[in-house]
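Computed from a predicted model, the values in this text were never measured in an experiment. Counting convention: from 1, in listed order, for ligands and their atoms alike.
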Amino acid sequence: MRKSEVALDHKDLALSVAREAGELIKNYVGGQFQVEEKSSVFDLVTEVDRESELLIRKRINEYNPAHKIIGEEGVDQEDISILLESDDYIWVIDPIDGTTNFVHGLPGYSVSIALVHKKEVILGVVYDPSLDEMFSAEKGKGAFLNGESIHISNIHLLEHSVLSTGFPSDIEGARANVIKGIDEIAPVCSNLRSFGSAALHLAYVATGRLEGFWEYNLNAWDIAAGYLLVKEAGGKVSDLSGSPYHLTTRNILATNGQVHEQLLGRL
Ligand code: IPD
Ligand code: CA
Ligand code: CA
């Protein structure tokens, strides 16, 4: 994609920049890049995260200079409050979701891009460059994987459900809560998985590969795009006390709807 005379609609822009960022990230796999610790030794960032975010910001700015952008690697506290107050278009991006996987040469990282308008997520794109899987959803228009319609699973028993969670970097708070949850859920579900990218976990609930996903202390850039995928695929997303998802939800439960109440009761 190059700066063009032709306008790109929001969805085409999100799809093309997610793919472009995915290619950029993939080109570093197996090579050298700088890794730094952010809030703790468990919270990593690389120069590739920053490069990916710069690329996404640049493309959005080229086509929509008036739109605001909230990206994990360039965020400040004021940005978060505009999500709640502003009716403008706001892009919410995670330039690499699953940085720990990326650093370790594992697959299972993604680019997550959401567009918010009037405080609602209206577009969500999650791209997995390792598998070339592009998940997308627009409000009211369904959810898609590589252009094919996707739908949540039809499983209603926990004992038939494959569920997922993640391990947040906040060890004593959020990660301890996840571990308590695993204690409750592991004995009663078919199995548990943790792939290392919240955005991909949500995309997998949307495709019916997983029945549910929960995690604590996530941010809008981890979940805004995936939330819309699940919703448009027929699923349910709430916080862990059962209130409907909104842009500041950090403790999340996303399911096929059928196992939602059973999980809320146990988490
Ligand atoms: C992380 C991933 C991971 C989740 C962490 C997130 P990052 O995002 O989504 O799956 O368990 O809580 O922080 O740091 O790789 O963008
Ligand atoms: Ca993330
Ligand atoms: Ca990230």
Side-chain angles (χ1 to χ4, degrees), residues 17-18 21-22 24-25 28-29 33-57 69-75 79-80 91-114 124-130 135 163-182 192-205 209-210 212-227 229-230 237 239-240 247-254 267:
V17 75
L24 180 151
I25 300 162
Y28 277 95
V29 171
F33 48 84
Q34 259 188 353
V35 184
E36 287 163 41
E37 292 166 14
K38 288 206 284 190
S39 56
S40 76
V41 64
F42 305 110
D43 187 10
L44 304 180
V45 64
T46 71
E47 62 183 297
V48 188
D49 295 66
R50 297 199 177 105
E51 244 189 79
S52 172
E53 178 153 332
L54 285 177
L55 169 72
I56 298 167
R57 284 177 179 269
I69 302 172
I70 296 178
E72 180 177 14
E73 308 310 339
V75 74
D79 283 343
I80 300 294
W91 294 82
V92 181
I93 59 183
D94 192 338
I96 303 182
D97 186 50
T99 297
T100 302
N101 280 347
F102 171 66
V103 168
H104 283 256
L106 289 163
Y109 54 87
S110 61
V111 177
S112 176
I113 301 178
V125 165
V126 173
Y127 181 53
D128 174 351
S130 312
F135 303 89
L163 304 168
S164 66
T165 187
F167 294 94
S169 55
D170 162 29
I171 298 293
E172 278 163 28
R175 200 182 284 190
N177 282 331
V178 163
I179 292 165
K180 269 189 234 150
I182 292 175
L192 276 180
R193 298 288 181 262
S194 184
F195 296 110
S197 159
L200 282 180
H201 284 141
L202 290 163
Y204 290 176
V205 173
R209 293 170 181 173
L210 294 170
F213 163 65
W214 86 94
E215 195 173 334
Y216 292 84
N217 223 19
L218 291 169
N219 288 289
W221 47 82
D222 302 304
I223 44 184
Y227 147 76
L229 293 173
V230 174
V237 186
D239 69 13
L240 281 164
L247 282 161
T248 54
T249 298
R250 304 199 63 188
N251 304 333
I252 191 176
L253 175 64
L267 285 167

_Let's go through W221 and V75 carefully: what are the C-alpha distance in whole Å and the side-chain angles of both, what is the deciding distance for side-chain contact (heavy atoms from CB on, under 4.5 Å) to 0.1 Å, and is it a yes or a no?_
CA-CA 10 Å; W221 47 82; V75 74; 3.8 Å; yes
Rounding to 0.5 Å, atoms CG (N219) and OG1 (T248) come to a distance of 11.0 Å
protein heavy-atom neighbour closest to atom 1 (C) of ligand 1 works out as D97 OD1, 3.8 Å
In terms of its nearest heavy atom to atom 12 (O) of ligand 1, the top option of E215, R175, E72 is E215
inquiry  = I'd like to check whether T99 has a polar contact with ligand 1, where a contact means an N/O of the residue lying under 3.5 Å from an N/O of the ligand.
reply    = yes
The N/O/S atom of D94 lying closest to the Ca ion (ligand 3) is OD1
- Which word best sums up how the rings of H201 and F195 line up, parallel for under 30°, tilted for 30 to 60°, or perpendicular for over 60°? tilted
- Message: Is there a polar contact, in the sense of an N or O pair closer than 3.5 Å, between G166 and ligand 1?
- Response: no
Looking only at protein heavy atoms, what sits closest to atom 15 (O) of ligand 1 is G98 N, 2.7 Å
Answer key: the N, O or S atom of E72 nearest to the Ca ion (ligand 3) is OE1
To the Ca ion (ligand 2), the closest N, O or S atom belonging to D222 is OD1
Original post:
Does an N or O from L44, backbone or side chain, lie closer than 3.5 Å to an N or O of ligand 1?
Top reply: no
Q. Hey, does D43 come in under 3.5 Å of ligand 1, counting only N/O atoms on both sides?
A. no
Polar proximity ligand 1 side, A198 side, N/O cut 3.5 Å exclusive: yes
Report yes if S197 has an N/O atom closer than 3.5 Å to an N/O atom of ligand 1; otherwise report no. yes
